[in-house]
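Data first, discussion second: the structure below is written as structure tokens.
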Amino acid sequence: MLRTTLAGLRMHKGRLVTTALAIALGVMFVSGTLVFSDTLRESFSSQVMGSAERMDAVVLPAQGSEDPVSGDVLDEVRELPEIDRAAGVTMGDAPLLDKDGRAVGSVPTAGVSVGEPTRFSADEGELPDRPGEAALATSTAEATGYEVGDSATVLGPDEQKHEFTVTGLIDFGTEPSLAYRGAVAFTSPVAAEMTGAEGYSEIDALAAEGVSAQQAADAVSAVAGDGTEVLTGQELGDRLAEQAGAQADALATGLLLFALVSVVVAAIVISNTFAILVAQRQREMALLRCVGAVRRQVFTAVVTEALVVGLLASALGVLAGVGLGYAGFAVGAEAFDADAGSADVVVKAQTVLIGLAVGTVTTLIAAVLPARRATLVPPLAALRTSATATALDTRVGILRMATGTVLLLASAGVVALARQTDDPETGLYLVVGAGFVAFAGVIVLSPLLVRAAVAAVSPLMRALGVSTALAADNARRNPRRAATAMIALTVGATLITGYSVVNASMMATTTDMLDRQFPMDYQVRAQFAEEGPGVPPEVARDLRESPEVAEVVAQRSATAETGDGFVRYTTFRGVPPEEAAGGGTDAGDLADVGPGRVAVVSDVAGERGVGDTLALTTGEGERDYEIAALVEGAQSSWSVLMDPEDFSSAFPEVRGDEMLMVSGAESAGDEELRDAVYAAVEDRPTLQVDSMAQMRRQYEDVLNTAFLAVVAMLGLAVVIAVFGIANTLALSVLERTRESAMLRAMGLKRAQLRVMLMWEAVLMCLVGALVGIGLGVFFGWAASAAVLDDLLFRVPTAQIAAFLAAAVAAGLLASVLPSRRAARTSITAAMASE
Amino acid sequence: MSQSAAKAAPASDPTHAPPVVTSRDLVKVYGRADSAVHALDGVTVDFARGAFTAIMGPSGSGKSTLMHCLAGLDTVTSGTVHLGRTEITRLRDKQLTLLRRDRIGFIFQSFNLLPMLTAEQNILLPGRIAKRRHDPARFKRIVEVVGLGDRLGHLPSALSGGQQQRVAVARALLGDPEVVYADEPTGNLDSRSGAEVLGFLRDSARDLGQTVIMVTHDPVAAAYADRVVFLRDGRLVDEVHQPTAETVLDRLVKLES
Ligand SMILES: Nc1ncnc2c1ncn2[C@@H]1O[C@H](COP(=O)(O)OP(=O)(O)O)[C@@H](O)[C@H]1O
Ligand SMILES: [Mg+2]
């Protein structure tokens, strides 16, 4: 008896360990996210505070104002007795050339002045203090490979080249406007000269001896005048920190969504575990009732157990979360322009409390239903003989079937409705809603699904041998338990599959869109500068003359404002419009676009059709055109496609090309074409040349990286689900100890027993994964179809096959411990135990 | 051996056939040193082919342990057990498993059947485990004898306790094992169902020549056997041939005193 009790205790510990792990993992994700984002926010804010607090008073253009602070203000500020020193920050475009002599980035790098005083300091080397010297933003230096001591070329206002010696690197951190475009810092006069900018984006001032920051700011405020805003350094720091914090908040929100998925899955796992434990302890509960325990006491006993387990596991989870958050920050800080070394790990009391609360409350909620069921055990159950085999739970449940079917039909209905909706956002919300409804339906139907799935594979498994046959029979004996274990996995499977379908469909659709366009190898654009001149027409001319180039399509565009918004006019020169624009039409033919005849998107056409006359607002006033073709709005980058001659007369001020599309000659090799294209732009370093092959690769890389990140986040939910399956199996093994002993006595080998349990787990995982894959494919399609009208639906079979393989592997893993325990138990000991 | 019992035995007594199962100086010690329990303390006994033997004794006397050791379910501390010519005390776990599978049948007190298999599937299970083809004629006959004809398609939960045990008997008999071990097979049954099950065991020994070894503490159950051996404190202390409930009870009372 003692032996049995001890064995039971050991088992007891074991079965709580897996449950606790499920909770702990969910909590770890939540608190890890909080620690990570708090640390990131702290690091951001210490960075900006550090730079802002160096100043006593700062003058900024008034919020919402486009105009810089005028130079007069600086002069007046300098005159103030309260001010010791002040300097203006000049900011404008200063295109830095990379080592190949091409301008860096699609937006020109910022030129910024570091005067005396300045908020910025050099991370490496020194700030520039004479003409001919410049410092680079660390991000810019990283992108270009420049180091301190190198010589770098920056273009001046008229594109003339200026050489500078790099004296230092400045970490601008999250400084708005500089973080994205990168920056080159000069002394004040050089910055003004290089950027051609008038006025200042900011004036930084230090107070005189004995004057407080507030007094200094007040004094400055008195002279700064309208259109400006004066802050103390502290105030500026607070504002910048808030802006940077918003970034960390957005990140935290995204991560918490994934953490939520993990917590929900953990809740399912915990609920199933408690349900099984309660069922197994029926006699114990009944005995309690027999000796006089009232229902509430039984309920309290179960809930208390949940509370203890929940609290302990949550504490463990919070600890692990702190570690995870810190590790995440150490690894990921770089990616967010934060300084990994700058901040200590931030663990707020709130983080610990939230982590504990999430885990404990989730556990309690998950345990309530099973605890209620425990109170329903009649005292008589204790007296029931254990000799008779317990009846199997094989009720079909008409109500269950009906409810599930109604929910699934309702979900399909909502998806159909989403298909009818024109607004992508509404459509997406509808699809997400339908997804939840369908999931509820699947939960309701899951016991039937499990039974049906097992029935479907039963003939095969029966044919395979006695172990697999028994596995199939076992999987069916308690469908509700198996179903709950499976559902936990289905959550992850649905989300991963759904995302992979969206990912694959988007990729295919975009690739197809690119394929249907003019088959270009290179694209040439001007660096984005407001109202810039575009690509000079000579570049297209030079390229056309080059023997390596087959064709050049020059795209010109102009935007005109009409009564209800902006209309974008485009023309292609070089090849016929239908070749250049590609894609299909709703009516008419792009080939018919010619003098006086235009193609328009349906929004612009309104009620009119092909052949009708349409009045359009151009740069030269209203003009009439005949509609040659109508195009669906979402798939084209223009609203009106015109003949080149019409375009020139309608928008005579547009001289440059917006973009050149270059296709290589058959005879030209990759290298030759590349050289030819670069040769044509050699004298114009700010033009951006991109190879299409490279752009596609980058696009795919971005999508694939995002995919991996999402899968990794959802992976934890899958891991938790696998714990649940292992736990369910372990508990069934415990329950079937005597049965296993009997099988072994009858000559079932240990290996056969293990194989049986292995297949039970694999079966559960496969059903869970397959249901999830089905849901994921459907809702992945529905979601991407809601967003993209002419979606190319793709099912990423390789990814799904990999996921299925992972599910099988997970099943095998989940069965390792339970089956080892089952195979090891001595037959006679199992027979003796009750 | 008891003199009186040997004299009372008629010439046709199956207990005089050559033994199928023999044990020599069987010792089983649980625990070690100070807390050691001698569950079996030198048991030497033979079980004749085709005989129905009952093992009796007070609770804790070592009945179950003896059965487990004879059946290759447990290892022995010393001594030997033979099944036919096989010395099973020398076999490793894997070989023991195969031996049980191919040559031994079991009937337990409870939890005998797999709840998700029908009566028929339960009966055929050992054959499936051994990948053995069953003899349909034998199956039919056994099912008829135990009276399960119309209940074969039912799940155990739809059968009474007696019916469940009859399924277990049919399962043990179907493979024509060299010996069937039954551990308190009627312990959980009402007396009528118990009598039925015991009747089948006796008949199978008589009609099919099946060797049956049954552990019981019920003198009425023991009376169905051809021979009863008595254990006390892990030792064989007495035996009765052609027992009646009275003779068995008589010996038991003597043993306990
Ligand atoms: N696994 C075990 N570990 C320790 N002692 C045991 C074990 N199994 C049985 N015993 C002891 O061995 C003795 C014989 O037990 P058992 O064969 O079950 O007796 P019976 O079946 O006649 O009631 C008893 O004293 C019992 O406590
Ligand atoms: Mg016993």
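Computation of the quantities below employed the complete heavy-atom set of this structure, encompassing side-chain atoms and omitting hydrogens, waters and symmetry-equivalent molecules. Order of the sequence lines sets the chain letters (A, B, ...), proteins ahead of strands, with each chain counted from 1.
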So for atom [atom1], which belongs to [X], do other residues, nucleotides or ligands contribute more than 12 heavy atoms lying within a distance under 6.0 Å?
{"X": "R24(B)", "atom1": "CZ", "answer": "yes"}
{"X": "R820(A)", "atom1": "CZ", "answer": "no"}
{"X": "H82(B)", "atom1": "NE2", "answer": "yes"}
{"X": "R151(B)", "atom1": "CZ", "answer": "yes"}

For this session: Against chain B, label A751(A) side chain, backbone, both or neither, depending on which of its atoms sit under 4.5 Å from a heavy atom there.
Result: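 Interface part for A751(A): neither.
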
For this session: Test side-chain contact (heavy atoms from CB on, under 4.5 Å) on R750(A) and D93(B) and set out the steps.
Result: CA-CA 9 Å; R750(A) 280 182 212 275; D93(B) 180 72; 3.1 Å; yes

For this session: Name the region of D102(B), side chain, backbone, both or neither, that has any atom closer than 4.5 Å to a heavy atom of chain A.
Result: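 Looking at D102(B), nothing touches chain A.
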
Exercise. Is it the side chain or the backbone of L73(B) that comes within 4.5 Å of chain A heavy atoms, both, or neither?
Worked result: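 Both parts, heavy atoms under 4.5 Å.
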
Exercise. Stepwise, does the side-chain contact (heavy atoms from CB on, under 4.5 Å) test hold for V466(A) with K131(B)?
Worked result: CA-CA 8 Å; V466(A) 69; K131(B) 295 206 184 79; over 6 Å; no

Exercise. Below 4.5 Å, heavy atoms only, C-beta onward: do L114(B) and M742(A) meet side chain to side chain?
Worked result: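 Touching, per the 4.5 Å side-chain cut-off.
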
Compare every heavy atom of [Y] with every heavy atom of [X], then report the nearest pair and how far apart it is.
{"X": "A469(A)", "Y": "R128(B)", "result": "CB-NH1, 3.9 Å"}
{"X": "F106(B)", "Y": "A745(A)", "result": "CE1-O, 3.1 Å"}
{"X": "E739(A)", "Y": "P115(B)", "result": "OE1-CD, 3.5 Å"}

Exercise. Taking atom CD1 of I129(B) and atom CD of Q752(A), what is their separation to the nearest 0.5 Å?
Worked result: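 I129(B) atom CD1 to Q752(A) atom CD measures 7.0 Å (nearest 0.5 Å).
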
For this session: Before giving the answer on side-chain contact (heavy atoms from CB on, under 4.5 Å), spell out for T828(A) and T65(B) the whole-Å C-alpha distance, their side-chain angles and the decisive distance to 0.1 Å.
Result: CA-CA 9 Å; T828(A) 50; T65(B) 307; over 6 Å; no

For this session: With side-chain contact (heavy atoms from CB on, under 4.5 Å) as the test, would you mind laying out the steps for I827(A) and R100(B) before giving the verdict?
Result: CA-CA 12 Å; I827(A) 303 174; R100(B) 288 197 306 266; 3.4 Å; yes

Problem set entry | Any donor-acceptor N/O pair, R744(A) side chain to T97(B) backbone, under 3.5 Å |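 Checking the backbone N and O of T97(B) against the side chain of R744(A), no donor-acceptor pair under 3.5 Å is found.
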
